[in-house]
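I have placed the structure first, in the form of structure tokens, so that the comments after it can refer back to it.
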Protein chains: 2
Amino acid sequence: VIVQLALDRVSIDEAIRLGTLAEPYVDWIEVGTSLIKEFGMTSVRELRRAFPGKPIVADMKTFDNARYEFALCYRAGADVATVMGAAPAVSIDACLETARDLGGEVMIDLLNVSAEQMPELLRRSEAIVCAHLSKDQQELSGGGAAAGAPLPGLAALTRLGGPRLAVAGGISAASLGSLGAVRPDVLIVGGAITQAADPAAAARDFREALRKFQEGGPT
Amino acid sequence: VIVQLALDRVSIDEAIRLGTLAEPYVDWIEVGTSLIKEFGMTSVRELRRAFPGKPIVADMKTFDNARYEFALCYRAGADVATVMGAAPAVSIDACLETARDLGGEVMIDLLNVSAEQMPELLRRSEAIVCAHLSKDQQELSGGGAAAGAPLPGLAALTRLGGPRLAVAGGISAASLGSLGAVRPDVLIVGGAITQAADPAAAARDFREALRKFQEGGPT
């Protein structure tokens, strides 16, 4: 399983500092939406440069102007860029085309996708789909997966073949058990590492908890 | 009616150049999503500085992390920021709260909003709702409102009281007639001005066509 470290709500320098502390224990580095909207593509370029050995995910949350936005990301050095599943189908198609043209990958964020939209998204087998409990929903429910909030549609997703599955939203060492029988391809971890008093130790502990979880033992 | 000039897919310097040419004929200046994602809040700050007399709209297209993103916009000098109507209701609530706290306004983009979500959005009477045919949809249909593509839900919207109405997507002097009996509070114009050979003349012609349209005569 790929561990994706989400870096959000900090300066670029602080993102690089946090990423460097966690680097030995994570696989992918995510440039969070808040960094992109505050600092633009400079954030993607600087994290690309700081972590040459790690795939970089640009959490672009594209909703329109898909070809332009995805080209910006890939040209700034991102390997993966995100599009909202709630966006028009024509935009998601344009993301997938741009990814093929420029050699990148697409992650489709399922946040607030309607029941009507979902089946079509689960047919995008070349993409990664991300079951996502949002920051704002976590604040409402008091702590995301850690607080036992359901990850919507997750059970249904895992009964299907198709796209790879990522899970995001309040994931921590303590909340891995709430995944149950779900085995995501990508686990997105943010605050559990970046807001820890000792981010390096938190990243190491998460990796260790994940290893035990994958072995089926107690986490 | 307020004419909002949308500046997209250009450098900040080019956005300022285009805005300066159109300035006498438009009311609000929009920092497009593509500028925000490419250049970050620098784009909002620089357009704020370049157009001290005009309200600035940050087309943030927020979908999560609403309080943080809206505070970024207002603190960078935006008067209005946009949130996707397709986002979770808790995020839209957070935008409205942040707007009240910081003295800004909220525009809710109705792009790809489901029939289930729409009634709730139309109750947000302190917001501006934006009926939006997206860039990607325009390319698919070959030219937006100018090509006679329907602005989804517009007729229903205008039969209701509630939020102020903005209309976006392929609006031009030639397409004003397609609004029919709809009388938006805000008309968002982009390419019809910014991609014209003479942007100042295009802006002047649009304003003149709008004046005739409002008088009910031929445009």
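Convention: sequence-line order gives letters A, B, ...; per-chain numbering from 1.
Proximity to chain B is limited to the side chain of A:L72, based on heavy atoms less than 4.5 angstrom apart. With a threshold of 4.5 angstrom between heavy atoms, A:A87 approaches chain B through N, CA, C or O but not through any side-chain atom. Contact annotation for B:L111: both backbone and side-chain heavy atoms come within less than 4.5 Å of a heavy atom of chain A. When heavy atoms are compared at a cutoff of 4.5 Å, A:M60 approaches chain B by way of both its backbone and its side chain.
Taking A:G40, A:A76, A:A66 one by one and counting their heavy-atom pairs under 4.5 Å with chain B, the maximum is reached by A:G40. Most heavy-atom pairs under 4.5 Å with chain A: of the set B:G32, B:A86, B:C73, this distinction falls to B:A86.
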Output all donor-acceptor pairs under 3.5 Å across chain A and chain B; consider backbone as well as side chains.
unit_1	atom_1	unit_2	atom_2	d
A:R9	NE	B:N65	OD1	3.2
A:R9	NH2	B:N65	OD1	3.2
A:K37	O	B:M41	N	3.4
A:K37	NZ	B:M60	O	2.8
A:K37	NZ	B:E69	OE1	2.9
A:E38	O	B:M41	N	3.0
A:E38	OE1	B:Y68	OH	3.3
A:M41	N	B:K37	O	3.4
A:M41	N	B:E38	O	3.0
A:M60	O	B:K37	NZ	2.8
A:D64	OD1	B:S134	OG	3.4
A:D64	OD1	B:K135	N	3.2
A:D64	OD1	B:D136	N	3.0
A:D64	OD2	B:K135	N	2.8
A:N65	N	B:D136	OD2	3.1
A:N65	OD1	B:R9	NE	3.2
A:N65	OD1	B:R9	NH2	3.1
A:A66	N	B:D136	OD2	3.1
A:Y68	OH	B:E38	OE1	3.3
A:E69	OE1	B:K37	NZ	2.9
A:A86	O	B:N112	ND2	2.8
A:A87	O	B:N112	ND2	3.2
A:S91	OG	B:D136	OD2	2.7
A:N112	ND2	B:A86	O	2.8
A:N112	ND2	B:A87	O	3.1
A:S134	OG	B:D64	OD1	3.4
A:K135	N	B:D64	OD1	3.2
A:K135	N	B:D64	OD2	2.9
A:D136	N	B:D64	OD1	3.0
A:D136	OD2	B:N65	N	3.1
A:D136	OD2	B:A66	N	3.1
A:D136	OD2	B:S91	OG	2.7

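For B:F206, the ring pair (Phe, Tyr, Trp, His ring centres under 6.0 Å) test picks out no residue, with sequence neighbours left out.
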